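Before any comments, here is the structure.
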Amino acid sequence: MAAGFKTVEPLEYYRRFLKENCRPDGRELGEFRTTTVNIGSISTADGSALVKLGNTTVICGVKAEFAVPPTDAPDKGYVVPNVDLPPLCSSRFRSGPPGEEAQVASQFIADVIENSQIIQKEDLCISSGKLAWVLYCDLICLDYDGNILDACTFALLAALKNVQLPEVRINEETALAEVNLKKKSYLNIRTHPVATSFAVFDDTLLIVDPTGEEEHLATGTLTVVMDEEGRLSCLHKPGGSGLTGAKLQDCMSRAVTRHKEVKKLMDEVIKSMTPK
Amino acid sequence: MEGAMRSDDKVCTETGIESSSRGPGCSLRHFACEQNLLSRPDGSAAFLQGDTSVLAGVYGPAEVKVSKEIFNKATLEVILRPKIGLPGVAEKSRERLIRNTCQAVVLGALHPRTSITVVLQVVSDAGSLLACCLNAACMALVDAGVPMRALFCGVTCALDSDGTLVLDPTAKQEKEARAVLTFALDSVDRKLLMSTTKGLYSDAELQQCLAAAQTASQHVFRFYRESLQRRYSKS
């Protein structure tokens, strides 16, 4: 009977739960789904991570290649992110050129990398003006159940922490690069940005970590990306119902607690990986 | 007579805040708006902020493809064309921001199974482009007579390295700034409809920028009201 009511009046069904300050899957309004992360599963990539946020699954693979640095910044390398939402993850995506959702997510990840300065681009330079590293970060969603931006940001961060770049020397006589695959070093990750997404219901209620159905019923969404010092690198609110300054403050405090949770999880995983 | 009416409709209002010497604080660049300048779209507007200028055209409510129709609301589409080159991923991202902002204010339920298309063309970009696009879109929607719950406006703030706030930055100020924040605010109670930011900043700075944007938006809304009053008082 509840299933019938849910199909006919999904919003009303939802409101009944929200009135009791909980959600159909049993979570509270400010509670995240179970987050799991698996690092280094793709052996052919230089760095990889698989993140599961409830049912939402995103895998990130990072490949490092050589490139000529841009002429206007000869001592910088590149980081090129790409988010792919294949038809596998959800029936709403068709095969073909990337849809709007994928493009918006790619732009979001590119902005997060740029704004929060996870990596100093100068660290990717091997020889000024001649050779630099370019990191291709491919994020593929395997299962879409809402909150794709949080999962992508976390997967990217975990994968970058896992990347090991071999040592490269430029041979002065031949002017060729000599790659020493035996000597690898980790990237210098300067900050740890963590994204927290909220959905706005009926213009007033804010819930954290929306599932696919919740995103569909929501009147607006908001994503906050914060690093460990409480600095914001992105406040992404693509339209939707209006928010007051006070509501934004609540979101900020929730984002701070989420950052601590994610950082703890990631430190545990990294620690379990190191004795190899 | 038709020709004479059309030239009367073209209201070129040149009000706005005069700000020749822009010190730190709440001073917006000189802005101007011209409505109903294109003959084909149902509504059109050109919005100028300093040297940044955007042309907007609105078609709607019009027919919609069956694949895109929504049974109880109007389908809103936004197309943003850059000044040079082909539209890329950044334009798609901005289109989504503008579309969602318009969706929050346009009363789509009054025109189900129709489409409302907003086309924006960047004429010149000298800083605060997204805010100018939002303002042009709002004026064009008003010109087209699309029913809306409220008006909206875009305001950009830039924070430089020592924390000073500059409203409506020029391209040079944006490049040198530590953070650039763009907000869309609604006219009823100045709530935050849309926000997109670039760079690093703290929570306190965010609240400060939001408050400054809310005060600045009053000027923009007053400008909207005056320009519309001037336009409709002639007839």
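Worth knowing before you read on, the calculation uses all heavy atoms, side chains too, and leaves out hydrogens, waters and symmetry mates. Model, not experiment: these values are computed from the prediction. Naming: A, B, ... by sequence-line order, numbering from 1 per chain.
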Study note, to complete from the structure: If you tally heavy-atom pairs under 4.5 Å between each of Gln103(A), Glu229(A), Gln117(A) and chain B, the highest tally belongs to Gln103(A)

Would you mind reporting whether [Y] and [X] have side-chain heavy atoms less than 4.5 Å apart?
X         : Y         : value
Met226(A) : Asp203(B) : no
Asp227(A) : Leu200(B) : yes
Lys237(A) : Asn100(B) : no
Leu235(A) : Leu181(B) : no
Gln107(A) : Arg96(B)  : no
Lys198(B) : Asp111(A) : no
Leu232(A) : Thr197(B) : no

Which bit of [X] is near chain B, if near means a heavy-atom gap under 4.5 Å: side chain, backbone, both or neither?
X         : value
Ser233(A) : both
Glu101(A) : both
Glu114(A) : neither

Review point. Got more than 12 heavy atoms from elsewhere within 6.0 Å of CZ, Arg225(B)?
Key: no

**Study point:** Structural part of Arg94(B) lying under 4.5 Å from a heavy atom of chain A
**Key:**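 Looking at Arg94(B), nothing touches chain A.
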
Check your understanding: In terms of heavy-atom proximity below 4.5 Å to chain A, should Ala90(B) be classed as side chain, backbone, both, or neither?
Key ->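 Answer is both: backbone and side chain atoms of Ala90(B) are under 4.5 Å from chain A.
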
Point to revise | Arg231(A)/Glu205(B) ion pair, N-O < 4.0 Å | key: no

